[in-house]
Engineer: 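Dropping the structure in here first, questions after.
Since the structure is predicted, the reported quantities are computational estimates derived from the model, not experimental observations. Every chain is numbered from 1, with letters handed out A, B, ... down the list of sequences.
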Amino acid sequence: MITGVILAICAASGFAGSAVFIKLSLQKIPYSGATIMSLVVSALFSLSVAAILHFDEIIQLSPISFLWFAIVGVITFTGGRSLQYLAINHMGAARSSSLVACSPFFAAILAVVFLGESINIWLILGTTLIVSGVVLVSLSSEKNE
Amino acid sequence: MNRIKNIGVIYAVISAFMYSLAAVIGKQLTEDIASPLVISSFSLLFGLLVTFVVMAPKAIKEIGQTPIKNWTTIVIAGLCSSCGVMFYFLSLSSAPVVVVTPIISIYPLITIVLAFLFLKGIETISLRTILGTILVISGIIFILFGNGN
């Protein structure tokens, strides 16, 4: 479990760094070009690492595996990341990151709907705090700049 | 201007939903289909291909007009994101979704620190943004605690 926690913190640092450098990039490169270029760099780097460490596994993958990879890729990058970059462009890296951080809220809902998990008082309190935070950040984006 | 920023809020919230959906599916894939690095790299590849098809005409023109000296920050952004995705799938293979997703959500705090360091003069961080972020993360901790009980 602790390994997963440390890896998640590393992932959070990577996403934070990406949000900030995307904002810097958007000062010089329009949104569509920045999205494609960052994805090209990400894909090339990841594929290189995966090919080096898991080549045997890759050549044995079934076609259905690639279908699942495609589904996750489209949801995460064509959907999630493209919209995130649009949000960064509209309201800044820090504010948009705060809102994109609502994903555990949606994950909890998906867990209830698809995995049959029950709602408890902590979930309701957490949801209330998250919605309050989202409203506060939204108000902030309207009042500032 | 307010309308533009409100659209940004909508984009960000839909983006959050997309990421949570991908987390639930990704968790299952790390258990049933392939190792986290393979999943992250191929999902990135397919994401790139579909995004390219959608954005190609505009993106190619924009990239062509961008001087190479301006590519540095986008390359760093891509590398950071790539590391984030790889660590993300690795963490999903080591811990439950309900643990991983709240922890990853601390990234707004890291973003605020990095924005303070690297985005001076580009964007301001208000007290409301900081308070809102703290509320969001407090809520995430509550959810994490609730799922632990």
Engineer: Rounded to the nearest 0.5 Å, what's the gap from OG on Ser138(B) to CG on Leu129(A)? Could you check?
Structural biologist: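 Separation between the atoms: 6.0 Å.
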Engineer: Check the orientation of Phe69(A) and Phe42(B). Use parallel for under 30°, tilted for 30 to 60°, and perpendicular for over 60°.
Structural biologist: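 Plane angle under 30°, so parallel.
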Engineer: Working to the nearest 0.5 Å, report the span between CD1 of Ile74(B) and CD1 of Ile36(A).
Structural biologist: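 CD1 of Ile36(A) is found 10.5 Å from CD1 of Ile74(B).
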Engineer: Go through Ala50(A), Ser48(A), Gly73(A), Ser96(A) and name the one with the most non-hydrogen pairs under 4.5 angstrom from chain B.
Structural biologist: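 Most pairs with chain B among the choices: Gly73(A).
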Engineer: Sort Ile75(A) into side chain, backbone, both or neither according to what part of it lies under 4.5 angstrom from a heavy atom of chain B.
Structural biologist: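 Both backbone and side chain.
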Engineer: Please report the interatomic distance CD1(Ile29(A)) to CD(Glu62(B)), rounded to the nearest 0.5 Å.
Structural biologist: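 Interatomic distance, Ile29(A) CD1 to Glu62(B) CD, rounded to 0.5 Å: 9.5 Å.
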Engineer: Measure from the side-chain N and O atoms of Ser38(A) to the backbone N and O of Ala77(B), and report whether any donor-acceptor pair falls under 3.5 Å.
Structural biologist: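 No; judged by distance alone, with no hydrogens or angles, the pair does not exist.
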Engineer: In Å, rounded to the nearest 0.5 Å, how long is the span from OG1 of Thr73(B) to CD1 of Ile22(A)?
Structural biologist: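 If I round to the nearest 0.5 Å, the distance is 8.0 Å.
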Engineer: Of the listed residues (Ala8(A), Ser42(A), Gly14(A)), which shares the most heavy-atom pairs with chain B below a 4.5 Å separation?
Structural biologist: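 Going by pairs under 4.5 Å, I would pick Ser42(A).
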Engineer: So, taking the atom named CG in Leu110(A) and the one named CD1 in Ile25(B), what distance separates them when rounded to the nearest 0.5 Å?
Structural biologist: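 Spacing of CG (Leu110(A)) from CD1 (Ile25(B)) equals 9.0 Å.
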Engineer: Among Gly26(B), Pro36(B), Ser41(B), which residue has the highest count of heavy-atom pairs closer than 4.5 Å to chain A?
Structural biologist: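 Top count of heavy-atom pairs under 4.5 Å with chain A: Ser41(B).
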Engineer: With side chain to side chain contact (heavy atoms under 4.5 Å, CB included) as the test, would you mind laying out the steps for Phe106(A) and Val13(B) before giving the verdict?
Structural biologist: CA-CA 10 Å; Phe106(A) 293 115; Val13(B) 173; 3.6 Å; yes
Engineer: Could you tell me which non-hydrogen atom of His90(A) sits nearest to which non-hydrogen atom of Gly8(B), and how far apart they are?
Structural biologist: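 Smallest heavy-atom distance, with atoms named: CB-CA, 3.7 Å.
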Engineer: Within the structure provided, determine whether Leu47(A) and Leu44(B) are in side-chain contact (heavy-atom separation under 4.5 Å).
Structural biologist: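 SC-SC contact between Leu47(A) and Leu44(B) ruled out.
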Engineer: Under 4.5 Å from any heavy atom of chain B, what part of Leu44(A) do you find: side chain, backbone, both or neither?
Structural biologist: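 For Leu44(A), there is no contact with chain B at all, as no heavy atom is under 4.5 Å.
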Engineer: If you tally heavy-atom pairs under 4.5 Å against chain A, which of Ala22(B), Cys83(B), Ser81(B), Gly64(B) wins?
Structural biologist: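 Of Ala22(B), Cys83(B), Ser81(B), Gly64(B), Ser81(B) has the most heavy-atom pairs under 4.5 Å with chain A.
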Engineer: Please tell me whether Ile64(A) and Leu45(B) are part of a single hydrophobic cluster in this structure, the criterion being side-chain heavy atoms less than 4.5 Å apart.
Structural biologist: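 Yes; Leu45(B) is reachable from Ile64(A) via cluster members.
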Engineer: Measure the OG1-CZ distance between Thr76(A) and Phe46(B) for me, rounded to the nearest 0.5 Å.
Structural biologist: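 These two atoms lie 13.0 Å from each other.
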Engineer: What about Val50(B) and Val53(B), same hydrophobic cluster or not, with Ile/Leu/Val/Met/Phe/Trp/Tyr joined at side-chain heavy-atom distances under 4.5 Å?
Structural biologist: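 Different clusters.
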Engineer: State yes or no: do Phe55(A) and Leu37(B) share one hydrophobic cluster built from I, L, V, M, F, W and Y residues joined by side-chain heavy-atom distances below 4.5 Å, directly or via other members?
Structural biologist: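 Cluster IDs for Phe55(A) and Leu37(B) differ.
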Engineer: Gly80(A), Gly17(A), Ala51(A), Ala87(A): which one forms the most heavy-atom pairs within less than 4.5 Å of chain B?
Structural biologist: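 It is Gly80(A).
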Engineer: Let's go through Ile39(B) and Trp68(A) carefully: what are the C-alpha distance in whole Å and the side-chain angles of both, what is the deciding distance for side chain to side chain contact (heavy atoms under 4.5 Å, CB included) to 0.1 Å, and is it a yes or a no?
Structural biologist: CA-CA 9 Å; Ile39(B) 297 170; Trp68(A) 278 112; over 6 Å; no
Engineer: Return the option, out of Ala34(A), Ala19(A), Ala16(A), with the maximum number of heavy-atom pairs under 4.5 Å with chain B.
Structural biologist: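 Greatest number of close heavy-atom pairs with chain B: Ala16(A).
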Engineer: For Ile58(A), is it the side chain, the backbone, both, or neither that has a heavy atom closer than 4.5 Å to a heavy atom of chain B?
Structural biologist: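 It is the side chain, since no backbone atom gets that close.
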Engineer: According to a 4.5 Å side-chain heavy-atom criterion applied to Ile, Leu, Val, Met, Phe, Trp and Tyr, with indirect links allowed, do Ile7(B) and Leu26(A) form part of one hydrophobic cluster?
Structural biologist: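 Shared cluster, yes.
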Engineer: If you count heavy-atom pairs under 4.5 Å with chain A, which of Gln65(B), Met86(B), Lys61(B) comes out on top?
Structural biologist: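 Looking at each option in turn, the highest pair count goes to Met86(B).
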Engineer: Will you find, in the side chains of Ser46(A) and Ser82(B), an N or O donor that is under 3.5 Å from an N or O acceptor?
Structural biologist: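 Note: Ser46(A) and Ser82(B) side chains meet the donor-acceptor criterion.
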Engineer: Could you tell me which portion of Leu114(B) (side chain, backbone, both or neither) has an atom closer than 4.5 angstrom to a non-hydrogen atom of chain A?
Structural biologist: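 Contact with chain A involves both backbone and side-chain atoms of Leu114(B).
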Engineer: In terms of heavy-atom pairs under 4.5 Å, which option from Ala70(A), Gly79(A), Ser62(A) contacts chain B the most?
Structural biologist: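 When all of Ala70(A), Gly79(A), Ser62(A) are compared, Ala70(A) has the most.
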Engineer: So which atom in Leu135(B) and which in Gly133(A) form the shortest heavy-atom distance, rounded to 0.1 Å?
Structural biologist: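 That closest heavy-atom pairing would be CB-CA, 3.7 Å.
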Engineer: Between Ile14(B), Ile63(B), Leu49(B), Ile60(B), which has the largest tally of heavy atom pairs under 4.5 Å with chain A?
Structural biologist: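 Most heavy-atom pairs under 4.5 Å with chain A: Ile63(B).
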Engineer: Verify the cluster assignment for Ile52(A) and Ile59(A): are they in a single hydrophobic cluster under the rule of side-chain heavy atoms below 4.5 Å apart?
Structural biologist: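 Not linked; separate clusters.
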Engineer: Among the options Phe89(B), Tyr19(B), Phe17(B), Tyr88(B), pick out the one with the most heavy-atom pairs lying under 4.5 Å from chain A.
Structural biologist: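 Counting heavy-atom pairs under 4.5 Å, the top option is Tyr19(B).
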Engineer: Within the side chain of Gln84(A), is there an N or O that forms a donor-acceptor pair under 3.5 Å with the backbone of Ser15(B)?
Structural biologist: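 Pair absent, no side-chain N/O of Gln84(A) close to backbone of Ser15(B).
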Engineer: Considering all heavy atoms of both residues, which atom of Leu39(A) and which atom of Leu48(B) are nearest to each other, and what is their separation?
Structural biologist: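 For Leu39(A) and Leu48(B), the tightest heavy-atom pair comes out as CB-CD1, 3.7 Å.
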Engineer: With a 4.5 angstrom heavy-atom cut-off, could you sort out which part of Thr66(B) is near chain A: side chain, backbone, both or neither?
Structural biologist: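 For Thr66(B), the contact with chain A is made by the side chain alone.
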Engineer: For chain A, which candidate among Leu90(B), Ile137(B), Val54(B), Asp32(B) shows the most heavy-atom pairs at distances under 4.5 Å?
Structural biologist: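 Ranked by contacts with chain A, first place is Leu90(B).
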